[in-house]
Amino acid sequence: MTQLKIGLFGFGCVGQGLYDILNQNEGFRAEVVSICVKDRTKPRKLDESYFTYDKNDILDNPEINLVVELINNADEAYEIVTTALRQRKIVVTANKKMLAEHLEELVALQEEYQTPLLYEASVCGSIPIIRNLEEYYDNELLHSVCGIINGSSNYILSKVFNEGLTYSTALRQAQDLGFAETDPTLDVGGFDALNKLCILIMHAYGLFVKPEEVFNYGIGSLSAHDFQFAREKGLKIKLLARVEKVNEDSITAFVIPQLVPREDYLFNVENEYNGVTVQAAFADKQFFMGKGAGGHPTGSAVLSDISASRYQYKYEYKKLARHRALHYTTDVRLEVYLRYHDETDLGLLQFEHIAEQYIGRSFHYVIGEVSLAHLLSIKQELASRDIFIASTGRKVEPVAEEVLAAAASEKAK
Ligand code: HSE
């Protein structure tokens, strides 16, 4: 067993959480040698001698054999992580944005330098979902992986729906508690969940899918009308990320608020908790739940990776080799609820079928089927309109072959 000498980048919510955990864990032999931070003026709860402001003090220190990267900035994190791997230092990171944007290259780099990069803390905080997808489900045929994977947006939805807080008060609380990203648009816009979903797709299905290829829509434009609609039908609104098999050859994925019924396990996942349902061919349905944000829960996942690295644990990316034939598609139909006011907004979604429509004095809604590929193509436009979209959770249907053929010939004209 290797004696671990840790160089830590970042001493924010998660960095401090990890430090507390390491301190309270007497039997665990790992020493934090140095901590690299940016702000020289910030008061620190540790002696000044622990801190450095120069990343090379850690990266060039031969005594340090493990780098823990817990900073905010994804570009700087990328520089630190790639340099450390090239120096053959094991890396543990929680930076989901950096991972989602560079996963393919980072997998190759681990192979080239025979050095592990572990990142359990990047998805769902304390829930060991990556390790489970990688190890436990390594030979299972997975139908879908779906869940609440952003703690801040779930916290806001819980506080507004259950306790009647205003959206802005709930968001401020999520920020004060250290759950939210520095730019909270990443949380409420579904971008953080999108990055985490791209990481899950790799470990569930062995495919590299870039964040820009996946549809995401958040909770930023939720209104009292939407909560009223959900409440009257006995449903809750939850921001869900989903990847699922469409057929033998393809998978689809998206992040979208969903109207969740009481009998769904995710209905009772509240506040900063995350919940993930794995639907597998043989194990059937399994449900994971735990705190998805916060210093100690996320720090516990970092600790688990540090601990695993003492035994030379690395992700083997077994599904990457096995599932090369699978491809990612957005040629599926989703059933969605659209709350709108202006008729042009209804036109924007190009409903293929409308099952229900309501025209009220203060708001209108429709429930109907739309193409995921179309939603992806109008993603930015959607964010600028006074509308709200949520999936009804009805099964994702592949777009019929003839519709695809007609669209292709239309495009070719
Ligand atoms: N902002 C993230 C969340 C932190 O709320 O889930 C944990 O990844």
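Numbers here are sequence positions counted from 1. Keep in mind the model is a prediction, meaning the values are calculated, not measured.
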Original post:
Should Asp47 and Ser49 be marked as a side chain to side chain donor-acceptor pair (under 3.5 Å) after you check the CA-CA gap, both sets of side-chain angles, and the distance that decides it?
Top reply: CA-CA 5 Å; Asp47 190 79; Ser49 61; 2.6 Å; yes

Subject >> Test of ring centre spacing under 6.0 Å for Phe215 and His374 >> reply: no

Subject >> Closest approach of Leu70 to Ala94 (non-hydrogen atoms, all atoms of both residues) >> reply: CD2-CB, 3.6 Å

Original post:
Between His341 and His364, how do the two ring planes meet: parallel, tilted or perpendicular, split at 30° and 60°?
Top reply: parallel

Original post:
Can Arg242 and Glu244 be counted as an ion pair, charged N to O under 4.0 angstrom?
Top reply: yes

**OP:** Count the heavy atoms belonging to other residues, nucleotides or ligands that lie under 6.0 Å from CZ of Phe227, then report whether that count exceeds 12.
**Re:** yes

Subject >> Working for side-chain contact (heavy atoms from CB on, under 4.5 Å), residues Leu106 and Val81 >> reply: CA-CA 9 Å; Leu106 292 170; Val81 168; 4.1 Å; yes

Original post:
Charged N to carboxylate O under 4.0 angstrom, Glu76 versus Lys38?
Top reply: yes

Subject >> Glu135 with Lys318: basic N within carboxylate O range, under 4.0 Å >> reply: yes

**OP:** State whether Phe11 and Arg44 meet the cation-pi test: NZ (Lys) or CZ (Arg) under 6.0 Å from the six-membered ring centroid, and within 45° of the perpendicular axis.
**Re:** no

Original post:
Between Arg29 and Gln3, is any side-chain donor less than 3.5 angstrom from a side-chain acceptor?
Top reply: yes

Original post:
Is it the case that Asp284 and Gln279 place a side-chain donor and acceptor less than 3.5 Å from each other?
Top reply: yes

**OP:** Identify whether the distance between the nearest side-chain nitrogen and carboxylate oxygen of Lys97 and Asp183 falls below 4.0 Å.
**Re:** no

Original post:
Can you check side-chain contact (heavy atoms from CB on, under 4.5 Å) on Phe388 and Leu338, steps first, answer last?
Top reply: CA-CA 6 Å; Phe388 177 69; Leu338 164 73; over 6 Å; no

Subject >> Interatomic spacing from CG in Leu118 to OH in Tyr313 - rounded to 0.5 Å >> reply: 7.0 Å

Original post:
With no hydrogens and no angle check, is any side-chain donor or acceptor of Thr115 less than 3.5 Å from a backbone partner on Tyr113?
Top reply: yes

Subject >> Parallel, tilted or perpendicular: ring planes of Tyr317 versus Tyr315, cut at 30 and 60 degrees >> reply: perpendicular

Original post:
Are any of the side-chain heavy atoms of Val336 and Thr392 separated by less than 4.5 Å?
Top reply: no

Original post:
So which heavy atom on Leu326 is nearest to which on Ser250, and how close?
Top reply: CD2-N, 3.7 Å

Subject >> Heavy atoms from other residues, nucleotides or ligands near NZ of Lys45 exceed 12 (cutoff 6.0 Å) >> reply: yes

Subject >> Salt-bridge present (Lys236, Glu263; N to O < 4.0 Å) >> reply: no

Original post:
Between Thr83 and Glu79, is there a donor-acceptor pair closer than 3.5 Å when you use the side chain of the first and the backbone of the second?
Top reply: yes

Original post:
Only one of Val366, Leu222, Asp226 clears side chain to side chain contact (heavy atoms under 4.5 Å, CB included) with Arg339; which?
Top reply: Asp226

**OP:** List the atom of Phe254, the atom of Leu197, and the distance in Å for their closest heavy-atom pair.
**Re:** O-CD2, 3.6 Å

**OP:** Answer yes or no: is there a side-chain heavy-atom contact under 4.5 Å between Leu382 and Leu375?
**Re:** yes

Subject >> Candidates Phe161, Phe363, Tyr337 - the one meeting ring pair (Phe, Tyr, Trp, His ring centres under 6.0 Å) with Phe229 >> reply: Tyr337

**OP:** Take atom CZ of Phe28 as the centre, draw a 6.0 Å sphere, and report whether it contains more than 12 heavy atoms from other residues, nucleotides or ligands.
**Re:** yes

Original post:
Taking NZ, NE, NH1 and NH2 as the nitrogens, is one of them in Lys238 or Glu270 under 4.0 Å from a carboxylate oxygen of the other?
Top reply: yes

Subject >> Nearest heavy-atom neighbours spanning Leu259 and Ala230 >> reply: CD2-CB, 4.0 Å

Subject >> Ser304/Glu120 under side chain to side chain donor-acceptor pair (under 3.5 Å): CA gap, chis, key distance, verdict >> reply: CA-CA 8 Å; Ser304 179; Glu120 188 61 70; over 6 Å; no

Original post:
Is the shortest heavy-atom distance from the side chain of Leu117 to the side chain of Leu99 under 4.5 Å?
Top reply: yes

**OP:** Please examine the side chains of Ile58 and Val67, heavy atoms only from C-beta on, and report whether any two atoms are closer than 4.5 Å.
**Re:** yes

**OP:** Determine whether more than 12 heavy atoms belonging to other residues, nucleotides or ligands lie under 6.0 Å from atom CD of Glu105.
**Re:** yes

Subject >> More than 12 heavy atoms from other groups under 6.0 Å of CD on Glu381 >> reply: yes

Original post:
Is there side-chain contact between Ile389 and Leu349, with heavy atoms separated by less than 4.5 Å?
Top reply: yes

**OP:** Among residues two or more places apart or on two chains, list those pairs meeting ring-ring contact (aromatic ring centres under 6.0 Å, His included) that have a residue in residues 67-88.
**Re:** Tyr78-His102

Original post:
Does a salt bridge link Lys96 with Glu101, judged by any charged N lying under 4.0 Å from a carboxylate O?
Top reply: no

Subject >> Heavy-atom side-chain contact between Val278 and Ile129 under 4.5 Å >> reply: yes

Subject >> Heavy atoms from other residues, nucleotides or ligands near OH of Tyr265 exceed 12 (cutoff 6.0 Å) >> reply: no

Subject >> Pair Arg172 + Asp176: basic N to acidic O under 4.0 Å >> reply: no

Subject >> Distance-only side-chain donor-acceptor flag, Asp54 / Thr52, under 3.5 Å >> reply: no

Original post:
Under 4.5 Å between any side-chain heavy atoms of Tyr167 and Ile219, yes or no?
Top reply: yes

**OP:** Looking only at non-hydrogen atoms, find the nearest pair between Leu372 and Ala253 and report the distance.
**Re:** CD2-O, 4.0 Å

**OP:** Flag yes if more than 12 heavy atoms outside Asn162 fall under 6.0 Å of its CG atom; otherwise flag no.
**Re:** yes

Subject >> Any side-chain donor near an acceptor of the partner, Thr166 and Thr169, under 3.5 Å >> reply: yes

**OP:** State whether a side-chain donor-acceptor pair under 3.5 Å links His296 with Asp20.
**Re:** yes

**OP:** Quick one: do Phe9 and Val37 satisfy side-chain contact (heavy atoms from CB on, under 4.5 Å)? Show the steps, please.
**Re:** CA-CA 6 Å; Phe9 284 89; Val37 289; over 6 Å; no

Original post:
Say you draw a straight line from SG of Cys13 to CG of Leu177; how long is it, rounded to the nearest 0.5 Å?
Top reply: 9.0 Å

Original post:
NE2 of His143 to OG1 of Thr277: how many Å apart, nearest 0.5 Å?
Top reply: 14.0 Å

Original post:
Considering all heavy atoms of both residues, which atom of Glu213 and which atom of Leu376 are nearest to each other, and what is their separation?
Top reply: O-CD2, 3.4 Å

Subject >> From CA spacing to verdict: side-chain contact (heavy atoms from CB on, under 4.5 Å), Asn61, Val33 >> reply: CA-CA 10 Å; Asn61 183 344; Val33 176; 4.2 Å; yes

Original post:
Are side-chain N/O atoms of Thr182 and Asn72 paired as donor and acceptor at under 3.5 Å?
Top reply: yes

**OP:** Please check if the side chain of Asn65 supplies one atom and the backbone of Lys5 the other of a donor-acceptor pair under 3.5 Å.
**Re:** yes

Subject >> Between NZ on residue Lys55 and OG on residue Ser34, distance to nearest 0.5 Å >> reply: 14.5 Å

Original post:
With a 3.5 Å cut-off and no angle check, do the side chains of Gln357 and Tyr365 form a donor-acceptor pair?
Top reply: no

**OP:** Inspect the surroundings of CD in Glu356 and state if more than 12 heavy atoms from other residues, nucleotides or ligands are less than 6.0 Å away.
**Re:** yes

Original post:
Got Val370 and Gln350 here, is their nearest side-chain heavy-atom distance under 4.5 Å?
Top reply: no

